[in-house]
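Working notes, structure below.
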Amino acid sequence: LRDTLTKHARRPLTSEKRAVFAREGRFLHLSRGRAGHLRANHARAPVDGGYGTGRSALMVACAGCTDATPAGVGPRPANAPRRSREDVRAGQASCAALLAQGGADLGLTTKQGCTALMVAAEKGRAGAVRALLRARADPRARSNYGWSALHYAAEEGALECCRELLRAGADLEGRAEDGATPLWVAAGRGRAQVCVLLLAGGANVLARGGEHLKTAMEAAEDSGRPGLAAMLREKADGARRQAYERAVERGPKLAYFHK
């Protein structure tokens with residue numbers, strides 16, 4: 001890995017070269033959480049993470065293994081011990097922490113504008129998210145589509161990632177280009193636990209987003225989640241009642257408007 005990153009520093013690898021390094025077992029050290037093979041002083045070297053996105057070494061560590069090898073074992077020597085998913089995730093978090101401490105650029109983005117924190121949140125890597133936040137990664141940074149790390153974590157139902165991001169000050173009401181908030185995204189994907197967490201944190205259940213400017217309740221209904229939609233409807237009714245009561249206290253004209 002050290003030789004690879006040194007030789008190709010400051011420029012992305014081609015798909016052909018990446019395939020060669022993967023076969024040699026060098027490129028996979030980061031994605032499979034093998035922190036013992038990592039050299040943090042090469043953290044800034046760009047490494048192609050697939051599909052021409054030009055991901056950095058830090059992003060590769062945060063993204064982890066492909067779906068084809070979920071436990072991070074893949075091709076290995078016959079006498080090599082098999083690693084559990086938990087061991088791999090812990091190793092990936094250690095790699096991310098070492099890279100961040102070694103001076104990796106936390107603000108480096110892919111062509112879609114995603115930072116390493118967004119990549120970790122999208123993959124549900126809570127350990128990597130925690131390590132990046134400790135290294136002062138920006139939880140409010142936005143991609144080219146206006147999504148924050150909290151949007152990505154909410155979409156994937158990564159509950160622990162959402163907790164870490166909220167503790168770090170992520171924007172609950174951050175809106176994407178289409179107006180979608182993290183709550184709206186979670187409702188559209190049927191992530192009930194994430195919705196409960198975001199509502200407990202003060203998310204606006206009446207906020208509208210998406211192409212047709214629907215509420216989170218309507219997004220849940222459209223995605224075929226009647227139970228979640230019923231819960232959000234109850235929350236929305238309560239929010240409307242509170243708004244009306246506050247308007248009554250301020251004056252009859254405002255009360256008529258909210259009614």
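These values consider heavy atoms only, across backbone and side chains, with no hydrogens, waters or symmetry-generated copies. For reference, positions follow the sequence shown, starting with 1.
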**Q.** L197-W184 co-clustered via ILVMFWY side chain contacts under 4.5 Å
**A.** no
Q.
Hydrophobic clustering (ILVMFWY, side-chain heavy atoms < 4.5 Å, transitive) - are L232 and V194 grouped together?
A. yes
Q) Rounded to the nearest 0.5 Å, how far does CG of L198 lie from CG of N204? A) 12.0 Å
Q: Could you check if a side-chain atom of P139 sits within less than 4.5 angstrom of a side-chain atom of L150, using non-hydrogen atoms only?
A: no
Q) Where do A203 and L183 come nearest, in terms of heavy atoms and distance? A) CB-CD2, 4.1 Å
Q.
E155 vs W147, test: side chain to side chain contact (heavy atoms under 4.5 Å, CB included). Steps then yes/no.
A. CA-CA 11 Å; E155 181 186 37; W147 280 41; 3.5 Å; yes
**Q.** Same cluster (ILVMFWY, side-chain, under 4.5 Å), L159 and L199
**A.** yes
(Q) Please report the interatomic distance OH(Y145) to CG(D178), rounded to the nearest 0.5 Å. (A) 12.0 Å
Q | Value rounded to 0.5 Å, distance of NE2 in H151 from SG in C162 | A | 11.0 Å
Can you give each donor-acceptor pair under 3.5 Å made by side-chain atoms of residues 128-136, sequence neighbours left out, with the distance rounded to 0.1 Å?
{"from": "R130", "atom 1": "NE", "to": "E164", "atom 2": "OE2", "distance (Å)": "3.0"}
{"from": "R130", "atom 1": "NH2", "to": "E164", "atom 2": "OE2", "distance (Å)": "3.4"}

Q.
Can you confirm whether more than 12 heavy atoms, excluding those of E234, are under 6.0 Å from its CD atom?
A. no
Q) With the threshold set at 4.0 Å, does a side-chain nitrogen-carboxylate oxygen contact exist between R142 and D171? A) yes
Q. Is E160 atom CD crowded by more than 12 heavy atoms from other residues, nucleotides or ligands, each under 6.0 Å away?
A. yes
(Q) Quick check: closest heavy atoms across C62 and A120, and the distance to 0.1 Å? (A) CB-CB, 3.8 Å
Q | Flag, side chain of R191 to backbone of A186, donor-acceptor distance under 3.5 Å | A | no
(Q) Does L172 form a side chain to side chain contact (heavy atoms under 4.5 Å, CB included) with L166? I'd like the steps, not just the answer. (A) CA-CA 8 Å; L172 263 176; L166 290 175; 3.8 Å; yes
Q) What are the two closest non-hydrogen atoms of G169 and R140, and how far apart are they? A) O-NE, 2.9 Å
**Q.** Minimum side-chain heavy-atom gap M231-V196 below 4.5 Å
**A.** yes
Q) Taking all non-hydrogen atoms of both residues, which atom of A121 and which atom of L165 are closest, and how far apart? A) CB-CD1, 4.4 Å
**Q.** Rounded distance (nearest 0.5 Å) linking atom SG of C114 with atom CE of M59
**A.** 8.0 Å
Q: In sequence, state the C-alpha distance, the side-chain angles, and the governing distance for E156 and K123, and then conclude on salt bridge (Lys or Arg N to Asp or Glu O under 4.0 Å).
A: CA-CA 8 Å; E156 297 303 320; K123 297 295 184 180; over 6 Å; no
Q. What distance do H212 atom NE2 and D222 atom CG have between them, rounded to the nearest 0.5 Å?
A. 8.5 Å
Q: Output yes when a side-chain donor or acceptor of E245 lies under 3.5 Å from a complementary backbone atom of Q242, and no otherwise.
A: no
Q.
Is it the case that the side chain of R225 and the backbone of A187 share a donor-acceptor pair, with hydrogens and angles ignored and the cut-off at 3.5 Å?
A. no
Q) Does a side-chain heavy-atom distance below 4.5 Å link S143 with M118? A) yes
**Q.** Candidate pair R233 and E221, rule side chain to side chain contact (heavy atoms under 4.5 Å, CB included), full reasoning
**A.** CA-CA 10 Å; R233 183 182 297 107; E221 288 177 342; 2.4 Å; yes
Q) side chain to side chain contact (heavy atoms under 4.5 Å, CB included) between T115 and L106: does it pass, once the steps are laid out? A) CA-CA 7 Å; T115 63; L106 301 179; over 6 Å; no
Q) Closest approach of L99 and A61, non-hydrogen atoms and distance? A) CD1-CB, 4.0 Å
Q: Please round to the nearest 0.5 Å and tell me the distance separating atom CG of L206 and atom CE of M217.
A: 9.5 Å
